[in-house]
There are 2 protein chains.
Amino acid sequence: MRMESKLINMGKQQNFKVGELMPGLSVDNVIFGFHDNQLKVLLLECMNHRDWMLPGGFVLKSESTDAAAERVLYDRTGLNNVYLQQFHVFGDPSRSRDSLMSSAMKSMELPFETDNWFKQRFVTIGYYALVEFEKVVPVPDSISASCAWHDTDKLPRLIFDHKDIIANALTSMRHHLNYQPIGYNLLPKEFTMKNLQSIYETILNRKLDRSNFTRKMLAAGILDKKEKLFAGGAHKAPYLYSFKKKEYLKVLKDGFNNEF
Amino acid sequence: MRMESKLINMGKQQNFKVGELMPGLSVDNVIFGFHDNQLKVLLLECMNHRDWMLPGGFVLKSESTDAAAERVLYDRTGLNNVYLQQFHVFGDPSRSRDSLMSSAMKSMELPFETDNWFKQRFVTIGYYALVEFEKVVPVPDSISASCAWHDTDKLPRLIFDHKDIIANALTSMRHHLNYQPIGYNLLPKEFTMKNLQSIYETILNRKLDRSNFTRKMLAAGILDKKEKLFAGGAHKAPYLYSFKKKEYLKVLKDGFNNEF
DNA sequence: ATATTATTGGGTCATTATGACACAATATTA
DNA sequence: TAATATTGTGTCATAATGACCCAATAATAT
């Protein structure tokens with residue numbers, strides 16, 4: 001069988017001939033969602049039911065790397081048109097060194113015939129996505145046991161350098177916070193100020209003063225205060241807010257906290 | 001001749017067998033220097049003496065992408081251990097679409113036998129480097145007519161999407177300014193406050209108030225004021241400054257203008 | 001020799017932003 | 001009905017910022 005016509009089984013929508021793929025190049029998505037005032041990341045469970053991995057895939061010779069990341073995102077979440085941002089390339093050959101590789105292959109319990117393809121050295125492009133938690137229906141691929149959300153601060157054991165990739169995604173988001181607002185892509189239409197503050201606190205990894213946070217967010221002029229209050233929670237009912245899309249996009253473009 | 005043993009002639013230190021390279025993956029360096037209070041970028045002149053291109057190269061199967069970028073930088077500048085930062089992946093297949101590709105091939109006047117290698121679709125990783133202008137001895141590679149500095153605001157015609165790559169590098173630097181100081185890697189040991197301000201103005205693309213800029217830089221506590229004055233210029237002689245390395249690195253690590 | 005001129009070092013000052021609190025209002029639970 | 005946690009809003013001292021101003025100075029022009 002010629003190498004180029006060999007099939008790589010990567011799930012329902014992902015049976016590719018090797019000849020159609022960019023060799024040694026992959027994308028890995030760090031998909032963030034927000035639930036219970038906690039930042040979550042979507043992971044795939046390996047067939048050994050112990051290790052987990054990031055949703056990833058290969059780049060078709062005919063598609064852009066962005067499109068490859070969008071395809072992977074769609075296959076795992078059913079979502080299209082979400083915030084998806086390339087953040088770092090992981091290009092160290094040691095990331096797929098033999099020891100890691102064979103243990104990862106074991107975790108994944110991949111069929112023998114995919115060996116040669118998977119065992120090559122991969123450079124992977126990290127993307128992070130911000131999605132609305134409620135809208136996601138997690139779908140495992142054919143080499144995974146399950147697909148589920150995990151708290152970013154209570155991650156399970158991960159294959160390869162996927163733990164580093166997630167940490168790097170968080171750092172990149174932290175930097176992006178310096179010049180753009182966030183939340184539009186993570187929160188439902190209506191949300192409380194506490195919801196928004198929790199996102200910032202998770203990404204910045206520190207507590208913020210509630211009063212000062214509210215003042216600053218309102219000063220940015222991107223929030224619409226609803227008269228409807230959030231019912232059901234314990235204690236005083238907070239206001240609900242929504243983003244003013246036009247103003248949000250303007251601030252995204254012109255910068256949030258531009259200094260100097 | 002087997003494909004894997006074919007030689008790609010890319011300059012004195014760059015004769016690689018195709019089989020030793022990551023297929024379809026390259027690095028391109030945007031090398032910034034500072035001279036005459038202007039930000040400059042190092043470019044290679046194509047053999048047609050009209051188009052220019054970024055110094056770039058291929059990634060060896062055995063080396064990290066970072067190492068590939070360092071190798072390219074060393075070959076063109078003779079410099080090692082400089083600030084080199086990956087900033088974006090350019091992964092759209094249309095960037096190497098036929099029309100662009102063949103015109104670029106013409107510009108470069110590449111020998112026929114390299115066609116098949118060069119004509120494949122490339123994903124390129126953009127790196128930007130900050131180097132000390134005076135220390136650089138620009139060295140063209142074997143497929144270039146010359147290697148020279150150009151003002152970032154007066155760029156010549158460039159092949160492929162290299163103009164976009166430079167613009168993107170500047171934007172990325174602008175964002176990095178938000179959380180780290182700059183200048184240590186661009187300026188000689190001793191420099192004037194005006195030198196430093198010019199760098200910031202170029203990267204931020206706007207004028208800054210001289211007095212306020214001085215106040216802010218001094219407040220950061222990373223500058224050492226020399227008693228020696230800069231002689232030779234017209235008008236009043238300014239003080240010379242140098243960076244306090246330890247403090248500079250601390251600010252680089254902890255953040256310059258961290259907000260919230 | 002002296003005036004001119006561009007540039008530099010060092011300020012002022014009003015305004016805004018920030019960080020650290022305070023306190024009353026309120027919705028659930030005890 | 002009281003206790004409690006949470007929220008909306010306000011205060012206030014301090015820090016940072018933006019927009020100026022002015023005297024000192026070194027080369028150049030006269």
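Convention: sequence-line order gives letters A, B, ...; per-chain numbering from 1.
- Look at NZ on B:Lys207: it is 18 Å from C1' on D:dC20, rounded to the nearest Å.
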What protein N or O atoms touch nucleotides 8-15 of chain C N or O atoms at under 3.5 angstrom, if any, and at what distances?
{"unit_1": "C:dT8", "atom_1": "O2", "unit_2": "B:Lys236", "atom_2": "NZ", "d": "3.2"}
{"unit_1": "C:dG9", "atom_1": "OP1", "unit_2": "B:Tyr239", "atom_2": "N", "d": "2.6"}
{"unit_1": "C:dG9", "atom_1": "N7", "unit_2": "B:Arg210", "atom_2": "NH1", "d": "2.9"}
{"unit_1": "C:dG9", "atom_1": "O6", "unit_2": "B:Arg210", "atom_2": "NH2", "d": "3.1"}
{"unit_1": "C:dG10", "atom_1": "OP2", "unit_2": "B:Lys225", "atom_2": "NZ", "d": "3.1"}
{"unit_1": "C:dG10", "atom_1": "O6", "unit_2": "B:Ser211", "atom_2": "OG", "d": "3.4"}
{"unit_1": "C:dG11", "atom_1": "O6", "unit_2": "B:Ser211", "atom_2": "OG", "d": "2.4"}

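- Atom CD in A:Gln197 sits roughly 11 Å away from atom P in D:dG8 (whole-Å rounding).
- Under the 6.0 Å distance and 45° angle rule, A:Lys225 does not count as a cation-pi partner of A:Tyr241.
- Remark: side-chain polar atoms of A:His162 are not paired, donor with acceptor, to backbone N or O of A:Met53 under 3.5 angstrom.
- In this structure, B:His235 atom NE2 and C:dT7 atom P are separated by 5 Å, rounded to whole Å.
- Of the charged side-chain nitrogens involved, none lies within less than 4.0 Å of a carboxylate oxygen, so that B:Asp224 and B:Lys244 do not count as a salt-bridged pair.
- Under the rule for a side-chain contact (heavy atoms from CB on, under 4.5 Å), the partners of A:Glu201 that lie at least two apart in sequence or sit in another chain are A:Gln197, A:Lys207, A:Leu208.
- For A:His175, the ring-ring contact (aromatic ring centres under 6.0 Å, His included) test picks out B:Tyr179, with sequence neighbours left out.
- When rounded to the nearest whole Å, the span between CZ of B:Phe213 and P of D:dA19 equals 16 Å.
- Ring pair A:Phe133/A:Phe34: centre-to-centre distance not below 6.0 Å.
- The phosphate of D:dA16 (OP1 or OP2) has no side-chain N or O of B:Lys216 nearer than 4.0 angstrom.
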